[in-house]
2 protein chains.
Amino acid sequence: MTEKEKHTEEKIAEAAREVFIEKGMDGARMQEIADKAGINKSLLHYYFRSKEKLFNFVLSKIMSIIGSRLGVIMQEDVAIIDKVKAFVDLYTDLLLKNPFLPNFIFNEITRNPDGLIDRFSTANIKPGEFIKPLERQLKKEGYSINPHDFVLNLLSMVIFPVAGRPIIQILLFEGDSSAYKKYIVSRKESIVTYVMYALEGYRIKQ
Amino acid sequence: MTEKEKHTEEKIAEAAREVFIEKGMDGARMQEIADKAGINKSLLHYYFRSKEKLFNFVLSKIMSIIGSRLGVIMQEDVAIIDKVKAFVDLYTDLLLKNPFLPNFIFNEITRNPDGLIDRFSTANIKPGEFIKPLERQLKKEGYSINPHDFVLNLLSMVIFPVAGRPIIQILLFEGDSSAYKKYIVSRKESIVTYVMYALEGYRIKQ
DNA sequence: AAAAAGTTTGACCAAATGGTTAAATATATC
DNA sequence: GATATATTTAACCATTTGGTCAAACTTTTT
């Protein structure tokens with residue numbers, strides 16, 4: 001009973017996750033989620049009362065995962081460049097596996113920006129906790145860069161090329177899908193190099 | 001007559017632009033566009049036969065503007081760092097004025113990636129024409145960086161922070177809207193510095 | 001000024017969509 | 001094995017939404 005319930009609920013959550021991420025809240029259809037889960041549409045409403053409730057459930061789960069990963073990396077007590085490396089590796093892989101994720105997040109925060117603060121608490125994400133350690137570490141290693149710039153530039157370079165895949169693929173690779181993928185993987189290294197070179201310029205000479 | 005027609009058509013196009021950009025194709029409602037244009041819903045269909053036609057019209061216009069701006073900058077025969085400066089200035093302003101634009105583009109290319117190639121031709125955007133001059137210029141100035149990395153990192157750093165505004169604003173500025181805006185403006189300079197420092201590392205010593 | 005052509009409107013329609021409900025089926029409890 | 005409880009289904013509903021149409025109104029043409 002609890003076993004089966006878990007099974008159905010999981011199936012629904014998984015299907016909903018896929019559809020919502022690919023189509024967004026507005027584009028997603030309850031019927032499509034039901035079909036993908038191999039169940040009746042009424043059953044969706046039996047487990048999750050409404051589309052919105054289902055959506056919130058899915059989004060919360062995703063944000064928790066992303067947030068906790070980010071938190072772990074940012075709070076590790078290692079050299080800046082190792083943090084960068086860990087971050088780039090982890091998120092490149094995550095994004096390659098979930099190419100619709102960035103657009104989904106962008107879409108949702110645009111659609112409902114006011115709900116974001118609550119979502120952060122629900123997902124137990126505490127921004128201060130991973131900006132501050134970074135700030136300390138940059139100072140400790142003698143880099144005078146604004147930590148906000150540092151973290152935002154990094155996030156940008158990792159996430160944007162995946163979020164804008166179709167454009168990038170055409171703009172830089174004449175639509176060649178495998179060339180694009182190979183390139184994104186290669187960026188794991190080239191981003192780290194780029195950041196390293198940039199940081200060099202911010203080193204406080206003494 | 002032609003005067004009035006222009007007036008109404010323009011009003012519709014402008015209203016449609018606003019609504020589509022903010023809500024996306026799926027989220028936009030023909031009624032809302034009609035209301036915003038101050039006209040009857042039937043009139044929308046009189047000028048633009050269907051929602052899709054109206055959407056395509058709006059999107060094409062936007063892409064043409066963005067593309068032509070990019071083309072001009074990329075083909076100017078000036079030092080790399082001046083290109084970077086021009087690009088950052090122009091696009092930061094564009095994005096501050098149209099904060100929903102990036103998400104709109106992401107959304108659309110995700111929703112319908114196959115239509116993108118046609119849209120590029122319609123908007124008369126020729127990717128090769130602004131990648132190649134950049135490639136030459138980088139070589140000429142003795143930087144060994146992969147041009148793809150260079151251009152993508154730049155695009156990322158300019159666009160991402162605006163696309164992800166609600167998150168960034170909470171993550172870095174505790175939700176303070178004016179602090180966020182001030183910061184984005186300040187990035188006009190800090191991005192250029194960051195890129196300059198990074199490029200330094202790619203300089204071929206001789 | 002009459003006819004023709006173009007523009008605008010309100011009423012209406014069919015399809016899609018999120019959601020409900022009562023009955024049927026399976027499962028657990030006694 | 002009977003009763004109660006939980007799960008699943010099919011039929012149905014109300015609302016929303018893109019779109020149509022004929023009539024009314026304006027403007028242009030003759």
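So that the names make sense, note that chain A is the first sequence line, chain B the second, and so on, each numbered from 1. All values below come from the heavy atoms of this structure, side chains included, with hydrogens, waters and symmetry mates left out.
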(message) I'd like to check the salt bridge (Lys or Arg N to Asp or Glu O under 4.0 Å) partners of A:Lys36; sequence neighbours left out, ordered by chain and number.
(response)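 A:Glu18.
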Rounded distance (Å) that lies between atom [atom2] of [N] and atom [atom1] of [X]:
X: A:Ile12; N: D:dT7; atom1: CD1; atom2: P; value: 11 Å
X: B:Glu9; N: C:dT8; atom1: CD; atom2: C1'; value: 15 Å
X: A:Ile33; N: C:dT17; atom1: CD1; atom2: P; value: 12 Å
X: B:Leu44; N: C:dG10; atom1: CG; atom2: P; value: 14 Å
X: A:Asn40; N: C:dA24; atom1: CG; atom2: P; value: 16 Å
X: A:Phe48; N: D:dT7; atom1: CZ; atom2: C1'; value: 15 Å
X: A:Leu43; N: C:dT21; atom1: CG; atom2: C1'; value: 15 Å

(message) Across nucleotides 12-19 of chain D, 5' to 3', mark each nucleotide with B, S or - according to how protein heavy atoms within less than 4.0 Å reach it.
(response) -----SBB
(request) Measure from the side chain of B:Tyr46, starting at C-beta and using heavy atoms only, and say which of C:dT7, D:dT8, C:dG10 lies closest. (result)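 Closest nucleotide among those given: C:dT7.
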(request) For B:Tyr183 and B:Gln169, indicate whether the former's side chain and the latter's backbone hold a donor-acceptor pair under 3.5 Å. (result)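 Not confirmed, B:Tyr183 side chain does not pair with B:Gln169 backbone.
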(message) Between A:Asp176 and A:Ser178, is there a side-chain donor-acceptor contact under 3.5 Å, judged purely by atom types and distance?
(response)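 Checked: A:Ser178/A:Asp176 side chains pair up, N/O donor to acceptor below 3.5 Å.
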(request) Hey, could you give me the CG/CD1 distance between B:Leu95 and B:Ile159, rounded to the nearest 0.5 Å? (result)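 If I round to the nearest 0.5 Å, the distance is 6.5 Å.
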(message) I'd like to know if A:Asp93 pairs up with A:Lys188 as an ion pair, taking the criterion as any Lys NZ or Arg NE/NH1/NH2 lying under 4.0 Å from an Asp or Glu carboxylate oxygen.
(response)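 Salt bridge: yes.
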(message) If you go through the side-chain atoms of A:Ser42, does one of them form a donor-acceptor pair with the base of C:dT20 closer than 3.5 Å?
(response)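 Answer yes: a donor N or O sits under 3.5 Å from an acceptor.
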(message) Between B:Arg111 and B:Glu108, does the salt bridge (Lys or Arg N to Asp or Glu O under 4.0 Å) criterion hold? Intermediate values first, please.
(response) CA-CA 5 Å; B:Arg111 200 184 64 95; B:Glu108 176 49 23; 2.9 Å; yes
